[in-house]
Structures are given as structure tokens and as C-alpha cells.
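What follows is a short report on a single structure.
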Amino acid sequence: MADHIAPPAGSAMAEPGFLWGVATASYQIEGAIDVDGRLPSIWDTFSATPGKTLGGDTGEHACEHYTRWADDVDLIAGLGVDAYRLSIAWPRVMHADGTPNPQGFDFYRRLLARLGAHGVQRYVTLYHWDLPQHLEDRGGWLNRDTAYRFADYAALVARELSGLVEGWMTLNEPWCSAFLGYGNGHHAPGLADPRFATQAMHHLLLGHGLALEAIRANDPGTPCGIVANVGRGTSDSADPADQEAARLYELQHNDWVLQPLLAGSYPTDLWDKLWPGSAPLVLPGDMDVIRRPLDFLGINYYFHSNLHSDGATGFRDVPLEGVERTQMGWEVCPQGLEDLLRRFKAVYPNLPPIYITENGMASDDTVVDGRVDDTQRQSYLKRHFAAVSRAMDAGVEVRGYFVWSLMDNFEWAFGYERRFGLVHVDYGTQVRTLKDSALAFQSFLQQRRAAATPAALTTRGDKP
Ligand code: IFM
């Protein structure tokens with residue numbers, strides 16, 4: 001029998017107005033990479049390159065969501081969530097000449113309509129890392145022009161899917177696109193130079209600001225935001241050099257993205273201290289575009305890191321002994337999420353309302369007699385719900401929480417080995433099995449709905 005996952009008794013997170021959801025991303029679940037006019041993406045190229053992903057895994061089949069989408073929507077609705085966060089694959093919906101691909105849009109229209117028919121709100125990310133390869137061939141995010149192409153794409157999608165979406169998110173985790181993609185090469189396109197990372201980040205954020213305007217012009221009234229991954233970094237050493245290392249870690253992971261978005265400037269210690277000589281080229285007016293007001297901010301949080309000085313200008317990760325870790329090796333630290341939310345509110349007075357757009361963990365889950373015992377995930381989620389609840393009690397406005405992920409999927413450079421899903425996927429048969437955590441989440445959502453007044457329930461499905 002599944003344990004019960006729930007926020008603490010009396011928490012605002014248990015009220016009907018709080019949005020509970022699950023999340024996925026196009027490349028991680030869709031498969032069908034070469035059908036109905038979909039163009040190649042940088043992740044097709046990268047994952048097909050020997051040595052880039054664990055076991056040589058690619059997104060070629062993934063969860064076959066492109067053909068199994070209707071059953072997957074029913075699965076989502078069956079969980080009882082209020083909302084589903086998904087992403088649109090840019091190479092599926094836009095031809096290289098900028099014109100729409102009707103077959104790609106048909107897929108997303110049917111998907112979004114079925115979600116809507118079930119009363120599930122739709123939160124749509126425009127860019128979750130699957131850049132069309134033809135744009136990478138012209139420099140990708142190192143080319144300023146890509147920011148303008150992204151705005152064209154955002155305008156097209158907002159126009160085509162207007163009325164089917166309750167919330168738009170421009171970019172997912174620009175830190176990962178910039179740093180892992182162009183700074184250390186762990187992700188597509190696999191380039192490794194901090195000067196590339198800072199320039200890519202600038203163009204990503206510029207693209208975000210341009211896209212906000214494009215979305216608002218083409219789907220007026222639907223809230224728009226961006227999703228940032230954040231990391232908690234502290235040091236177990238009181239040595240000032242190690243304390244400074246922890247400060248630089250958070251600067252690099254969090255403020256590199258949040259400061260330009262919310263304060264219109266970059267934390268210059270990035271190029272004055274951490275990566276000397278890596279300042280990006282910023283043109284007059286760019287920061288005003290980047291700091292355009294957000295309707296909400298998505299926060300993705302997973303773990304804590306312990307930092308020491310690297311003996312020069314940077315930091316190094318010194319993993320703590322004897323702490324709880326996930327299948328990814330990530331240190332479990334719910335308190336870090338509360339700390340960060342409180343810090344962001346203190347540092348950025350104009351912090352918009354927050355959605356936790358991703359939180360969850362990977363474990364080596366197996367189906368035994370039709371059941372998946374994922375006790376650690378249930379405990380992980382419950383403790384993170386409590387951390388968010390404490391941050392809300394301290395005055396941080398959090399409006400919703402999306403568990404990552406709906407189902408096991410392609411975990412980028414780690415392929416299919418790492419399982420983040422509430423739902424187990426057998427990649428041989430594509431059978432989906434609700435893990436105990438999914439059953440526990442479902443049971444919490446059912447109880448919450450049963451306790452809600454009829455008046456509160458009629459607001460479900462309305463735009464926030
Ligand atoms: O799977 C990813 C997701 O695509 C982006 N955020 C982190 C998740 C877990 O690594």
C-alpha cells in the first residue's frame with residue numbers, strides 16, 4: 001500500500017487554489033524524431049555521437065509519446081493533477097524557412113485539446129533544449145540571430161496554439177543550455193569554453209525577452225514566464241576562501257540567470273573572478289529586453305552541493321560523507337529549497353509569483369509483481385513539499401508545484417538508466433506502471449478534492 005504524500009496539515013499548498021502538476025519535455029518522451037516533417041535537433045546529433053550519452057542512448061523512441069499521447073493524457077488525468085507541464089519541439093512545428101509545419105501543430109493541438117477536455121491546465125515550455133540543428137549549423141546560441149529566430153518561433157506557436165494554453169514558459173533552464181551545452185560540453189551541442197557559455201546565456205536571455213513580447217502580442221492575457229534551475233551551495237569549511245567559493249557557486253548557478261531577468265544586470269564577478277576574460281558582448285538596450293516583467297517565475301530544484309575553493313579563483317565540489325543521495329548521486333536537501341526561495345525574495349524585491357516547475361528524484365526502480373516500491377521518492381517529495389510550505393509561511397508567493405517527472409524518460413547524457421518518473425516505463429514494451437509514489441500523490445489529490453467546497457472546484461480549469 002502506498003504511503004501518503006501530502007504537504008503539512010494546514011498548509012496553503014493543500015488549498016484548492018494551489019496548482020499541482022506533473023512535468024515532461026518533448027525530446028525526453030516523444031520519440032518519432034523523423035516523422036511528419038520533424039527536422040533534426042541538436043540532441044539527435046549529440047546523442048548519436050559515440051561517447052556522448054550513457055550506453056549510447058538516444059531520443060529516437062523514448063516513451064513513444066508521439067503515438068501514445070492519448071493514453072498518456074488519460075494517465076495524467078487519472079492521477080488527478082490540476083495541470084501538466086510539457087514542451088513543444090521547435091523542430092517539429094517550424095520548417096527551416098520559418099513557416100509552420102501543420103502536422104507538428106496538429107499533434108500539439110490534439111494533445112492540448114484532450115488535456116483541456118479532462119480539465120487539466122496546460123503549462124507549455126517553448127524551449128526545453130531541442131534546438132533545430134539547422135540553427136546550430138549557423139552558430140546556435142552563439143549567434144545573436146538565434147534569439148530573433150526564437151522570437152519568431154514563439155510568435156508562431158503562441159498564435160497557432162492560442163486558447164489551448166494556461167501558461168507559457170519561454171526557456172527551460174537557460175543555465176543548462178548555456179553552461180552544459182557551451183561551457184563544459186556535457187550537453188548538446190557539446191562545446192566547452194566559458195566564453196561560449198556567457199555569450200550563449202546572453203543570447204538565450206535576449207531570446208527570452210523578445211519571446212515574451214511575441215507571446216503577449218499573439219496570445220494576449222495568457223501568463224508568461226521562464227524556468228530557472230537553481231542550486232543550493234554552502235561550505236562545511238569556515239575558511240573565508242571556501243565561503244567565497246560557495247558564494248561564487250550560487251552566483252554562477254542562480255544569479256547568472258535571475259539577476260539579469262529581475263535586476264537587468266549581470267553579476268560581473270563571473271568574468272571578474274570566476275572566468276576572467278569571458279564577458280559577453282551586450283548591445284545597448286539588451287538588458288531592458290531581458291528584464292521585461294514576468295508574470296511568474298518557474299523554479300527547478302534538486303540538490304545541495306558542498307563547496308571548497310579550487311585554490312585559484314573558482315570552486316570545487318567536495319561531496320559530503322554520510323548524506324542521503326539519489327540515483328544521480330545528488331545530495332538530498334529539502335532545506336536548500338526553502339533557503340533559496342527565502343533568499344530570492346530578500347535579494348529580488350520584484351520577485352514574481354513562483355511555480356516550482358520541477359522537483360523530483362531518480363531511483364533505480366523496478367516492477368515486482370506489478371508494483372514499484374519507491375519509498376525514497378515519496379519521502380523526498382514529502383520533505384520538499386514541507387520546505388516549500390515553510391517558504392510560503394515566510395512570505396514567498398508560491399502558486400504551484402510540478403513533480404518531475406510524469407514518467408521515466410530520456411535523462412539526457414544519462415540516457416534511460418536514471419528513472420525520474422512517478423510512472424515506471426518498460427522501454428521494451430512501453431507498458432506504464434504507476435509507482436507507489438504516483439499512487440500516494442493520486443491519493444493526496446483525491447482527498448484534497450474531496451475536501452474542497454463545490455465553489456472552489458468550479459475554478460479548476462480557469463486561467464490563473
Ligand atoms: O530531466 C531533467 C529536465 O529535463 C530538466 N531539469 C532537470 C531534470 C532532471 O535532471
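Ligands are counted one by one from 1 in listed order, and the atoms in each one are counted from 1 as well.
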Could you tell me, atom by atom, which parts of ligand 1 come under 4.0 Å of a heavy atom of [X]?
X      : value
Phe420 : 9 (C), 10 (O)
Glu173 : 5 (C), 6 (N), 7 (C)
His128 : 3 (C), 4 (O), 5 (C)

Grab the two heavy atoms, one from Gly31 and one from Ala62, that are nearest each other, plus how far apart they are.
->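 Answer, listing the atom of Gly31 first, then Ala62: N-CB, 3.8 Å.
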
Contact with ligand 1 for Tyr301, non-hydrogen, under 4.0 angstrom = no

Please state whether Trp412 comes within less than 4.0 angstrom of ligand 1, counting heavy atoms only.
->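 Yes, Trp412 has heavy atoms under 4.0 Å from ligand 1.
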
Mutual orientation of the aromatic rings belonging to Phe385 and Phe441 [parallel < 30°, tilted 30-60°, perpendicular > 60°] = tilted

Parallel, tilted or perpendicular, as decided by the 30° and 60° cut-offs, for the rings of Trp43 and Phe46 |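 Perpendicular.
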
Closest non-hydrogen protein atom to atom 9 (C) of ligand 1, residue and atom name please, with distance?
-> Glu411 OE2, 3.4 Å

Among Arg418, His187, Glu358, Met328, which one has a heavy atom closest to atom 5 (C) of ligand 1?
-> Glu358

Nearest candidate to atom 8 (C) of ligand 1, where distance is taken over non-hydrogen atoms, out of Trp330, Tyr27, Tyr302 =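 Selected option, by shortest heavy-atom distance: Tyr302.
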
Is it true that atom CD of Gln430 has more than 12 heavy atoms of other residues, nucleotides or ligands lying nearer than 6.0 Å?
->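 Yes.
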
Side chains of Asn409 and Tyr27: do they bring a donor and an acceptor to under 3.5 Å?
-> no

Per side-chain hydrogen bond (donor to acceptor under 3.5 Å, both in side chains), Gln335 is matched among His384, Arg232, Arg390 by Arg390

Less than 3.5 Å between some nitrogen or oxygen of Trp404 and one of ligand 1, yes or no?
-> yes

Ring pair (Phe, Tyr, Trp, His ring centres under 6.0 Å) assessment of Phe18 paired with Tyr401 | CA-CA 8 Å; Phe18 192 86; Tyr401 200 115; 7.1 Å; no

